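Below, each value reflects all heavy atoms present in this structure, side chains not excepted, and no hydrogens, waters or symmetry copies. A quick note: this is a predicted structure, and the numbers were derived from the prediction, not measured. The sequence lines fix the lettering, A, B, ..., with proteins before strands; numbering per chain opens at 1.
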Protein chains: 2
Amino acid sequence: MNYKQFRHCGLDVALTMLSGKWKPIILYHLFHQEQIRFTDLWRIIPKVAKKVLLDHLKQMEAHGLIIRTEKNTFPPEVYYQISEKGRAMGPALTALELWANEYAADEVKDLQDDKKKKYLIRKESLS
Amino acid sequence: MNYKQFRHCGLDVALTMLSGKWKPIILYHLFHQEQIRFTDLWRIIPKVAKKVLLDHLKQMEAHGLIIRTEKNTFPPEVYYQISEKGRAMGPALTALELWANEYAADEVKDLQDDKKKKYLIRKESLS
DNA sequence: TGAGCAGGTTACTAAAAGGTGAACTTCGGG
DNA sequence: CCCGAAGTTCACCTTTTAGTAACCTGCTCA
């Protein structure tokens, strides 16, 4: 295998753009849904504070990973979708995902259980 | 392209293991050097505090990404090297790197300039 | 005997990230 | 003509992560 291309600067940049507690799950939804409204995203993701979700979305928009579109209807509708730049990251993310499932299955399972628990808590608190 | 495999839990796990200000550059060196002594690593990486470097190495060891070997010679020699699990992450990291170079070239250049500056500062303060 | 070296720890501080709850805006509907 | 809705902002707080500096160990060598 050849790691001549693997230089830490680019890796730093990519990881910086991915750093943030909720970015993986945000990306997950945006990769699967064309576009999604702010409030829907907020309701789907368990336990994020509105403000924090917004912070993350702003950062990602600033990095060019996602696109924000605002319709001036009332009440306002704001849609988020993945950009070309963001979508281009897909294969790399899939590679990480596969690595985790193959080499860190235990940790993945732990995290899943953990999230399931949190999700149940959140579900209770809704309707 | 098919993102059926791309589930945020595994991605979370992988990114958690990669999260840390100095992990990309640590990985960079370990990927290229078979094994490296603690102090050498510390001298090579500009501006890390010893403690922080140690923290990162401990985390990475705990995650199974790297292997620590201690020779009880005098003065002590401690070598760090990438593990199989860590090396298996290589292709995914390369993919991120390539993405950054293609889609975020500006940010990569900024970071490189920035690091070069810091590196010069550090070089002055040595020898 | 005591300076020096490699690796590591401790105690502390500073900065970044994440979180909470309330309030603002701008409109349409009752 | 006040209420509620979606998206956003504000003021404030807690937790996590990074950084500094001093000190410890166990040995060597001058």
Side-chain angles (χ1 to χ4, degrees), chain A residues 8 12 15-26 29-30 35-63 66-81 111 114-115 118 121-122 125-127, chain B residues 12 15-26 29-30 35-63 66-81 111 114-115 118-119 121-122 125-127:
Chain A
H8 58 274
D12 265 1
L15 289 176
T16 298
M17 290 184 182
L18 291 171
S19 84
K21 188 164 170 182
W22 305 99
K23 282 185 190 160
I25 195 174
I26 293 172
H29 288 294
L30 292 184
Q35 64 171 202
I36 187 163
R37 275 182 80 165
F38 176 78
T39 306
D40 291 338
L41 191 56
W42 181 70
R43 258 185 299 123
I44 283 171
I45 299 179
K47 305 277 279 180
V48 213
K50 247 171 157 189
K51 192 210 103 190
V52 175
L53 182 56
L54 220 55
D55 287 351
H56 284 207
L57 289 169
K58 269 190 204 160
Q59 282 179 32
M60 293 167 85
E61 199 200 355
H63 288 146
I66 64 174
I67 295 167
R68 198 188 88 111
T69 32
E70 198 174 343
K71 296 193 182 170
N72 32 1
T73 54
F74 313 92
E77 293 172 49
V78 175
Y79 291 91
Y80 290 92
Q81 60 185 296
L111 229 192
D114 199 46
K115 291 210 170 177
K118 282 186 192 164
I121 292 164
R122 176 71 174 283
S125 65
L126 294 175
S127 66
Chain B
D12 265 1
L15 289 176
T16 298
M17 291 185 182
L18 291 172
S19 85
K21 188 165 172 185
W22 305 99
K23 282 185 191 162
I25 195 174
I26 293 173
H29 289 293
L30 292 186
Q35 64 171 199
I36 187 163
R37 277 181 80 164
F38 175 78
T39 306
D40 291 338
L41 191 57
W42 183 70
R43 257 185 299 121
I44 284 171
I45 299 178
K47 306 277 277 182
V48 213
K50 236 174 161 190
K51 192 210 104 188
V52 175
L53 183 54
L54 269 163
D55 286 351
H56 285 207
L57 290 170
K58 269 189 208 162
Q59 282 179 32
M60 292 167 84
E61 199 201 354
H63 287 146
I66 63 175
I67 295 165
R68 198 189 88 112
T69 31
E70 198 174 342
K71 296 193 183 171
N72 33 359
T73 53
F74 323 93
E77 293 172 49
V78 176
Y79 291 90
Y80 290 92
Q81 61 185 295
L111 228 193
D114 199 45
K115 291 212 171 174
K118 282 185 192 162
Y119 186 60
I121 292 165
R122 177 72 175 286
S125 65
L126 294 177
S127 75

Find the distance A:Leu18:CG to C:dA17:P and express it as a whole number of Å.
14 Å
Atom CZ of A:Arg43 and atom P of D:dA6: how far apart are they, to the nearest Å?
8 Å
Separation of C:dG18 atom C1' from A:Ile26 atom CD1, nearest Å, is 13 Å
The side chain to side chain donor-acceptor pair (under 3.5 Å) partners of A:Gln81 (sequence neighbours excluded) come to none
Please report, rounded to the nearest Å, how far the P atom of C:dG7 is from the CG atom of B:Leu57.
11 Å
Not counting sequence neighbours, which residues clear side-chain contact (heavy atoms from CB on, under 4.5 Å) with A:Leu53? List them please.
A:Ile26, A:Phe38, A:Leu41, A:Trp42, A:Ile45, A:Val48, A:Leu57
Can you sort out the partners of A:Gln35 under side chain to side chain donor-acceptor pair (under 3.5 Å), two or more places apart, ordered by chain and number?
none
Excluding sequence neighbours, so at least two apart, what forms side-chain contact (heavy atoms from CB on, under 4.5 Å) with B:Glu70?
B:Arg68, B:Val78
What pair of heavy atoms forms the shortest contact from A:Lys21 to A:His56, and how long is it?
N-CE1, 3.4 Å
Contacts of B:Phe74 that satisfy side-chain contact (heavy atoms from CB on, under 4.5 Å) - sequence neighbours left out:
none
Just by protein heavy atoms under 4.0 Å, how would nucleotides 12-23 of chain D read 5' to 3' in B, S and -?
------SBB---
Send over the distance from B:Ile36 CD1 to C:dA6 C1', rounded to a whole Å.
15 Å
Got a sec, which residues hit side chain to side chain donor-acceptor pair (under 3.5 Å) with A:Thr73, two or more places apart in sequence or on another chain?
A:Glu77
Quick one: salt bridge (Lys or Arg N to Asp or Glu O under 4.0 Å) pairs with a partner in residues 52-61 of chain B, sequence neighbours left out?
B:Lys51-B:Asp55
Take atom CG of B:Leu41 and atom C1' of C:dA6, then tell me their distance rounded to the nearest Å.
14 Å
Please work out which residues in residues 71-79 of chain A have a non-hydrogen atom less than 4.0 Å from an atom of DNA chain C and list them by number.
A:Phe74
Between atom CG in A:Leu54 and atom C1' in C:dG21, what is the gap in whole Å?
15 Å
